[in-house]
Amino acid sequence: MGRATDDIEDLLRRHAPQVLGALVRRYGHFDPAEDSVQEALIAAAEQWPRDGIPDNPRGWLIRVASRRLTDRLRSDEARRRREETAAALTPADAFVAPPPGEGPAAGGPSGLGRAPSEDDTLTLLFLCCHPALSPAAQIALTLRAVGGLTTAEIARAHLVPEATMAQRISRAKRAVRGTQFRQPDARDRDQRLAAVLQVLYLIFNEGYTATAGPDLHRTDLAREAIRLTRAVRRLLPREGRVTGLLALMVLTEARTQARTGPDGELIPLDEQDRALWDRTAVAEGIALAEEALAQGPAGDYQLQAAIAALHDEAERAEDTDWPQILALYDLLVRRSPDPAAALGRAVAVAMVHGPRAGLAEVDALAETAERHYRLDAVRAHLLERAGDMAAARTAYRAAADATLSEPEARYLRMRADRLDR
């Protein structure tokens, strides 16, 4: 029963954004649609363990959620006006849940150029990145509605209190109330696409290295981010930013099996058993990175993908082409003030010019950037390489005290304790 319940929970989590996307695209009411989807998910969690999973679970969820939403709209004083608005907002190819045994879930025709579930999720992605919202609100709403992160997880990722993030998400929902739920036209596509890609990158990062909790890697989030990025690329196959982001994710995810030991302990990149890397994924990622660089001027994602490709191409850590990586980081930090990129460049400086040179870069960052545990972690690593063991111990422990990730904290304390011997 436990395994069956887990399977149902995974299924519901996977379908939730698709169902929400279908409802908001058809009816145009975000908050009531979200409430109705939650009710359908609760009903499924109660009925499916008892009655079995339906042949078309997504269609079942959409039908139940649609009935709940229709009941809500009919009970409103402005029922007639809202129904007219919903009809006006419904595209000609609007998704209607197929009966069991039909549609793409069962291998039948969809009537659309793309699978309805993919189209609905992408519609929801672009909706959440509506230009009426601030970038921070776009990211928060997408992480909540599409990524399935809790408000607490989103707050931790943004380093703000949970109550602040809850208010931000509520304001974002109010701001898009009554908005047409369609994919954007060419006029505002680029602006929304940048926000969409940033959100997908954040979802992937939260999955690849969880900001808190007992697990280093949240496979569900990382794979969902890759799945959604592949879907965006199918729509925009010649967009270098999209191809670059997908390459970066695939190349990074390829190392997953080597990142942890038998007891879940963290293993840093330079100590990983590279025989455990997924070489099929590495080959795909390198090909994507090369394609991304050929698709136009090199942007942030293309440059980061090129750096990841250089790491993954090296058969041994000592074979890594650090001068080329430093050159790419130089380009990256000139384009973007991202502190993570600047910290990565500091590591590259240390590998090319020595740990003291890298420490000087870290110290300069500490004067301008907000304090973060990764800054102390990098400083500790470089101090250890420079032979200053006492200062390295202090920095390792400061980083361990600051992170909410239990695997990272254990690793950092282990490094500090090892220097005591």
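All values derive from a computational prediction rather than experimental measurement.
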Side-chain heavy atoms of Pro57 within contact of His15, under 4.5 Å: yes
Ion pair Arg279/Asp312, N-O distance below 4.0 Å: no
From CG (Leu412) to CZ (Arg374), nearest 0.5 Å: 9.0 Å
CD/Glu315: more than 12 non-hydrogen atoms of other groups inside 6.0 Å: no
Any donor-acceptor N/O pair, Glu408 side chain to Leu266 backbone, under 3.5 Å: no
More than 12 heavy atoms from other groups under 6.0 Å of CZ on Arg223: no
Contact summary for Ala346 and Val362, nearest pair of heavy atoms: CB-CG2, 3.9 Å
Leu41 side, atom CG; Leu61 side, atom CG - distance, nearest 0.5 Å: 6.0 Å
CD1-OG1 distance between Ile203 and Thr142, expressed to the nearest 0.5 angstrom: 7.0 Å
Heavy-atom pair with the smallest gap, counting every atom of Leu419 and Ala392: CD1-CB, 3.7 Å
Side chain proximity check, Arg413 to Asp401, heavy atoms < 4.5 angstrom: yes
Main-chain N/O of Val347 paired to Glu361 side chain as donor or acceptor, under 3.5 Å: no
Distance-only donor-acceptor check, side chains His381 and Glu384, under 3.5 Å: no
Side chain to side chain contact (heavy atoms under 4.5 Å, CB included) assessment of Glu224 paired with Leu200: CA-CA 9 Å; Glu224 178 68 6; Leu200 294 175; over 6 Å; no
Side chain to side chain contact (heavy atoms under 4.5 Å, CB included) assessment of Val242 paired with Leu235: CA-CA 10 Å; Val242 180; Leu235 287 178; over 6 Å; no
Closest contact, heavy atoms only, Leu133 versus Cys128: CD1-O, 3.4 Å
Nearest heavy atoms of Gly358 and Ala350, plus distance in Å: CA-CB, 3.8 Å
Interatomic spacing from CG in Leu143 to CD1 in Ile154 - rounded to 0.5 Å: 5.0 Å
Neighbour count >12 (heavy atoms, 6.0 Å) for atom CD, Glu313: yes
Salt-bridge present (Arg410, Glu265; N to O < 4.0 Å): no
Where Ala366 and Arg379 come nearest, the two heavy atoms and their spacing: CB-NH2, 3.8 Å
Short side-chain donor-acceptor distance under 3.5 Å, Arg259 and Thr209: yes
Glu291 and Thr243: side chain donor to acceptor below 3.5 Å: no
Pair Arg67 + Glu39, salt bridge at N-O below 4.0 Å: no
Test item: Met351 and Arg385 side chains (from C-beta on) under 4.5 Å apart, heavy atoms: yes
Check: Arg233 and Arg230 side chains under 4.5 Å, non-hydrogen atoms: no
Partner residues of Asp35 under the side chain to side chain donor-acceptor pair (under 3.5 Å) criterion, sequence neighbours left out: none
Side chains of Thr320 and Asp270 in contact at under 4.5 Å (non-hydrogen atoms): no
Donor-acceptor contact below 3.5 Å, side chain Arg68 vs main chain Ala40: no
Whether Ser170 side chain and Ala166 backbone form a donor-acceptor pair below 3.5 Å: yes
Side chain to side chain, Asp388 and Leu359, heavy atoms closer than 4.5 Å: no
Glu271 side-chain N/O to Ala317 backbone N/O, donor-acceptor pair under 3.5 Å: no
Residue pair Thr252, Phe204: steps toward the side chain to side chain contact (heavy atoms under 4.5 Å, CB included) verdict: CA-CA 10 Å; Thr252 305; Phe204 177 80; 3.9 Å; yes
Exercise: identify the closest heavy-atom pair between Val196 and Cys129: CG2-SG, 3.5 Å
pair Leu326-His353: side-chain heavy atoms closer than 4.5 Å: yes
Value rounded to 0.5 Å, distance of NE2 in His311 from CG in Asp321: 10.0 Å
Residues Asp300, Leu332; criterion side chain to side chain contact (heavy atoms under 4.5 Å, CB included); working and verdict: CA-CA 6 Å; Asp300 293 358; Leu332 185 59; 3.8 Å; yes
Exam field: side chain Gln302 to backbone Gly299, donor-acceptor pair closer than 3.5 Å: yes
Distance, nearest 0.5 Å, that separates CD1 of Ile53 from CH2 of Trp60: 11.5 Å
Ring-face cation of Arg255 near Tyr208 (centre distance under 6.0 Å, axis angle within 45°): no
